[in-house]
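Report on the structure given below.
If you're wondering where the values come from, they're calculated on a predicted model, not measured in any experiment.
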Amino acid sequence: MYDHRAIEEEWRRTWEQNSIYRTDEDSGKKKCYALVMFPYPSGSGLHVGHARVYIGADIYARMMRMRGYQVLHPMGWDAFGLPAEEYAIKNKQHPQEATARNIAVFKDQISRLGLSYDWDREINTTDPSFYKWTQWIFIQLFKKGLAYESNMPVNWCPSCKTGLANEDLDAGTCERCGSAVERKPMRQWVLRITDYADRLLDDLDTLDDWSDSVKEVQRNWIGRSDGYTIPFAIEPVGSVVDVFTTRPDTLFGCSFIAISPESTLVDTLLKHAENKEEIEAYRTRAHTAKAAETDKAQTGVLAQGISAVHPLTKKNIPVFIADFVLGGYGTGAVFGSPAHDARDFAFAVRYNLSITQVIAGDGDLPLINTPVDAPLIHSGEYDGTPSEQAKPLLANAAGGKKITVYRLQDWVFSRQRYWGEPIPLIHCGKCGVVPVPDKDLPVTLPDVASYEPTGTAESPLAAIEEWVNAPCPQCGGAGKRETNTMPQWAGSSWYHLRYIDPHNSTVLVDSEKEKQWMPVDIYTGGMEHAARHLIYARFWHKVMLDIGVVSTAEPYAALRTVGIVQAEGGGKMSKRLGNVVDPVAVVDAIGADALRVYIAHIAPFSQTVAWDSRAIAGPRRFLERVYALRDRVQDSAPDRALLQLQHETILSVTDDIAVYRFNTAVSSLMILTNALYDADTVPKETYTALIQMLAPFAPYITEVLWRDLGHNESVHLSHFPQGNAESAQRDTVVIAVQVLGKTRGTVTVSRGSNQEIVLRSIAENTALANRTKGLAVKVFVEDRIISFV
RNA sequence: GCCGGAGUGGCGGAAUUGGUAGACGCUCACGACUUAAAAUCGUGUACCCUCGGGGUGUGCGGGUUCGAUUCCCGCCUCCGGCACCA
């Protein structure tokens, strides 16, 4: 038994003293920026899920370092956010204090896992020297017109007392606290991410080394859809409503127009409608309704005294204000063609509107998925035209225009909470909204008496008069600071750039260093960030490309997603169920090395796994075996078979780690270890290679064994063994003998044997000779198979 | 409903330019060591049968092929994303 506690303590200290993981900036080497998603340092400490991501990324970083790359493998803290603030409210303590304490705990726990971070580059998003640049980026967005003030209804969480972005919602509830979210019109800052929708979508095709599932999630999230706007004149208002449609071929079936209560058109209608009060009441109710409770039964209110003119038939059509029409999608107005849409059909039935079938087909109405070549009917001169062809014809005839719309909406960027980056703007009565000049950044968070959210469009910062009142940077007159803060996603949208140049106080990142390190070569983290952090970060990156801060179109060249670690037997780990596994406790019990090998070996990295407290014995046994072998090492050369296995293992382990196939890499190392265990002698050469290949997985124990082999320097600074394809070739191969498609046995021949030699071997095997007697060889594949029929 | 991913022993999983299915690990059984147990070491561990042999088998049903976990067609189930998206 090796003493993992003593070993791990000793080497952790040694590594720190010698700073062996400091980033090597030798520009003669190829660079490798191996980034792992930094954590929110929560009070509940490190989870095995964290451990899995960090260990995977670390194994990769360690191998690349040993393969001679200059590796940048940093860690930091995404520390703004609500939990620290909630804690501060409860305990009347500055969130910075709780945050600092949590970071200390997290860092201590992380350091127990044997991770090779360069701590000289540690960053913290709540550090003013960091968020100075988050604010600086916001100002660049503002100056480019990509940040704007809006009064549209937003998602409001009544429990967190703040507005939220669409990305912060989970099926109509607050992603963080689970409360039903309301729609609430309020002043807010919004980022024009939709301006970048096309680039965000199209550039996904350039990300060859991202998993398809993440790209698909982003495509769904952006949700590009091509259609038309069709103008309907409104009488007697005299204005025009543009409706959005992807189905202009059903235009002759149009029996109503529906406008979103959130649309500004409603104000215009109100001036002329006969039932103003009813419409007002409906709109108010729609605005305050909880998103999750929105009536799926499609209600609406008819605008009395108002009608729309059908652009083709010139007939008058009723106009409804209806909450099933989304304010933020398309034009906020649609036309209803009930015969060919389930929702329009239900609406028409409810309000007794006409239903006219305009595309031929059998069956009950509504007829939904009609074929593209189904002919139009009841459509005047277009009768008989196939529906797909009819789309542009009818759209053009109606005066429509082609338009591309997105499901993605602009990013609601302001939060009415304390613990976030202050938005660096000053409101001036004369000059309007003025950005804080660079020289005055960062705008630091002042101390407040109470962190309690106000429940209004202002954050607790609004109560600090001496902070709020600030002279206008432009005219010097009296101004007021913006009191909204940024969402938690702000810092993580660009942090990868700060690791490159963490101590620079004059620029966000030195451009030479940026060119040296970007893009991130491999980014490791959770799938849950696919439609949040990873979209935001790509968006900011493209803006920074446009303003010359960065030099690449994409921030992350390759992406590896980690699977969830479930509780023993499956299901979510939760404190309530008492099934949470504490990685530090596991490290104490069996050692970080065994935990790392276990995590690496248990399943493919991206796959969900259930924790298995029994299976963890295997990796520990494996390490014990490797440790025990040291007493049998001899200075002899490996025999041919062992040398072959040694090189085969080096090649496969190198390949496997490169593509995060840690499970099969560990299997290969176990096979080699078992072979050494069975061998009469343990050749030093083979054992040395084994220790070096194992080093990325088990960094502590391999240091001890490396020292035993007579080395003074760390194994992690040694060079990863080089595999030789020639040596990895086997001398003999086993060939399957198939008769009528069934494998009936095997013969062993030397590699590269031709058919004659194989047939001779078969003849020497009585059973196989009888089986194949009188049959013809159908297929012979060298070194693989011979098939008789 | 739309889009993506996946279904292999008691369990986690391995193998795909089509070529011996079940590597490696866990579990379990038996044996060695021990007064005994643990640990360790050794052997075995897909299923079935009439067991020195034979048959079946990679979610289900078809197909292509000398040969299919791998390719094609049609289903089922599970996981993830989106969803009143016009």
Could you tell me the Watson-Crick or G-U partner of [N], where both distances fall under 3.5 Å? Say none if there is no partner.
N: C30(B); answer: G42(B)
N: A68(B); answer: none
N: U77(B); answer: A6(B)

- Atom of P261(A), atom of V266(A) and distance for their closest heavy-atom approach: O-CG2, 4.0 Å

- Query: H529(A) vs H533(A) aromatic rings, parallel, tilted or perpendicular, using cut-offs 30° and 60°?
  - Reply: perpendicular

Among [options], find the nucleotide with the atom closest to the side chain of [X].
X: N663(A); options: C3(B), C41(B), G13(B); result: G13(B)
X: D323(A); options: A86(B), A14(B), C84(B); result: C84(B)
X: I602(A); options: U20(B), G81(B), G12(B); result: G12(B)
X: R621(A); options: U27(B), A14(B), G42(B); result: U27(B)
X: S787(A); options: A23(B), G19(B), G12(B); result: G19(B)
X: V217(A); options: G42(B), G4(B), G81(B); result: G81(B)

- Mind checking the C1' distance from C72(B) to U64(B)? Whole angstroms is fine. 7 Å

- Is a donor-acceptor pair below 3.5 Å formed from side chain R407(A) to base A83(B), judging by atom type as modelled? no

- Test for a donor-acceptor pair under 3.5 Å between the base of G19(B) and the side chain of Q738(A), counting only N and O atoms. yes

- Note on the structure: From CZ of R219(A) across to C1' of G80(B) the rounded distance in Å is 16 Å

- Message: Ring centres under 6.0 Å, that's the criterion: do F320(A) and Y351(A) meet it?
- Response: yes

- Message: Check for me whether the distance between the ring centres of F345(A) and F347(A) falls short of 6.0 Å.
- Response: no

- Under 3.5 Å side-chain donor-acceptor pair for W611(A) and N579(A): no

- Does a nitrogen or oxygen in the side chain of R224(A) sit under 4.0 Å from OP1 or OP2 of C85(B)? no

- Message: Does G25(B) have OP1 or OP2 under 4.0 Å away from a side-chain N or O of N674(A)?
- Response: yes

- Name every residue in residues 243-257 of chain A that has at least one heavy atom under 4.0 Å from any atom of RNA chain B, in order of residue number, or write none if there are no such residues. F244(A), T245(A), T246(A), R247(A)

